[in-house]
Amino acid sequence: MNPERCPCGLPLAYDDCCGRFHRQQVRPDTAEALMRSRYSAFALGMADYLLATLHPDKHRADERAALEQSFRDTHWEGLNIVARDAGTAQDNQGAVEFIAHFRSGQRKGQLHERSRFVRENGQWLYVDGEMLPAKSPGRNDPCWCGSGKKFKKCHG
């Protein structure tokens, strides 16, 4: 990962993108912005942010330990947003479908999920997600890593 570029995949520096959410300078104003900031928090090992943006009804006693274990085992390599349903600054609920690419040891994989979000007291929160079947990019699709190259010329 380029340290200047935000892990969420937007063509912005981390400090100007998800970093401002992680530093609590501002709150994400859309479900997608929260989803991207949570992906970046996973990539950077930020358990406090992930717990703060998880709906209180979904907290488990072992949540922090599970997150910290996942930070040791998983390296997040790229994010693609597939679809959005509501979740704008005017909404109080929304969903974001995404594919997150990862490496765990020598194994590469992807997490394909449709995440649900709600906004309570002006703050977007992650509620839960529905796991979806893995999707492989086509040879001529843009590579998921954000390089700007076709998949076949990059990670294909």
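- Listed by chain and number, the residues in a ring-ring contact (aromatic ring centres under 6.0 Å, His included) with H112 amount to none (sequence neighbours excluded).
- Evaluation of the ring-ring contact (aromatic ring centres under 6.0 Å, His included) rule for F117 yields Y126 as partners, not counting sequence neighbours.
- Atom OG1 of T74 sits about 9.0 Å away from atom CD of Q69, to the nearest 0.5 Å.
- For the atom pair S115 OG and E97 CD, the distance stands at 9.5 Å (nearest 0.5 Å).
- Among all heavy-atom pairs drawn from T30 and A89, the shortest one is CG2-N, 4.0 Å.
- The salt bridge (Lys or Arg N to Asp or Glu O under 4.0 Å) contacts involving residues 18-31 comprise D15-R23, where partners must be two or more places apart or lie in separate chains.
- A pairwise comparison of heavy atoms in Q110 and F102 identifies N-CE2, 3.3 Å as the closest pair.
- The two residues P56 and L125 have their closest heavy-atom pair at CD-CD1, 4.0 Å.
- The nearest pair of heavy atoms linking C17 to L10 is SG-CD1, 3.9 Å.
- In terms of the side chain to side chain contact (heavy atoms under 4.5 Å, CB included) criterion, residue partners of S70 (sequence neighbours excluded) are, by chain and number, F42.
- Taking the salt bridge (Lys or Arg N to Asp or Glu O under 4.0 Å) definition, one finds that D91 meets it with nothing, sequence neighbours left out.
- Qualifying side chain to side chain contact (heavy atoms under 4.5 Å, CB included) partners for D128, counting only residues two or more places apart in sequence or in other chains: K58, R116.
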Inset, instruction - Dump the intermediate steps for side chain to side chain contact (heavy atoms under 4.5 Å, CB included) on Y14 and H22, then the final yes or no. - result: CA-CA 10 Å; Y14 168 74; H22 295 162; 2.7 Å; yes
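- Nearest heavy-atom pair, L79 versus C8, reported as atom, atom and distance to 0.1 Å: CD2-O, 3.4 Å.
- The distance from the CH2 atom of W76 to the OG atom of S40 is 12.0 Å, given to the nearest 0.5 Å.
- Residue R114 holds its CZ atom at 5.0 Å from CG of D85, rounded to the nearest 0.5 Å.
- Contacts of H55 classified as side chain to side chain donor-acceptor pair (under 3.5 Å), with partners at least two apart in sequence or in another chain: E120.
- Applying the ring-ring contact (aromatic ring centres under 6.0 Å, His included) rule to F71 yields no partners; only residues at least two apart in sequence or on another chain are considered.
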Inset, instruction - Mind running side chain to side chain contact (heavy atoms under 4.5 Å, CB included) on I81 and V96 for me, showing each step along the way? - result: CA-CA 7 Å; I81 303 299; V96 179; 4.1 Å; yes
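- Atoms CD and OG, from E32 and S37 in turn, are 10.5 Å apart once rounded to the nearest 0.5 Å.
- Heavy atoms only, all atoms of each residue included: T53 and R38 are closest at OG1-NH1, 2.8 Å.
- Residues passing the salt bridge (Lys or Arg N to Asp or Glu O under 4.0 Å) test with E113: none are found, sequence neighbours excluded.
- Counting side-chain heavy-atom gaps under 4.5 Å among Ile, Leu, Val, Met, Phe, Trp and Tyr, the cluster of I99 also holds V82.
- Residues passing the side chain to side chain contact (heavy atoms under 4.5 Å, CB included) test with D16 are A13, sequence neighbours excluded.
- Here the straight-line distance linking atom CZ of R119 with atom CD of Q93 works out to 11.0 Å at 0.5 Å rounding.
- In this view, R60 and D62, E63, A66 satisfy the side chain to side chain contact (heavy atoms under 4.5 Å, CB included) rule, not counting sequence neighbours.
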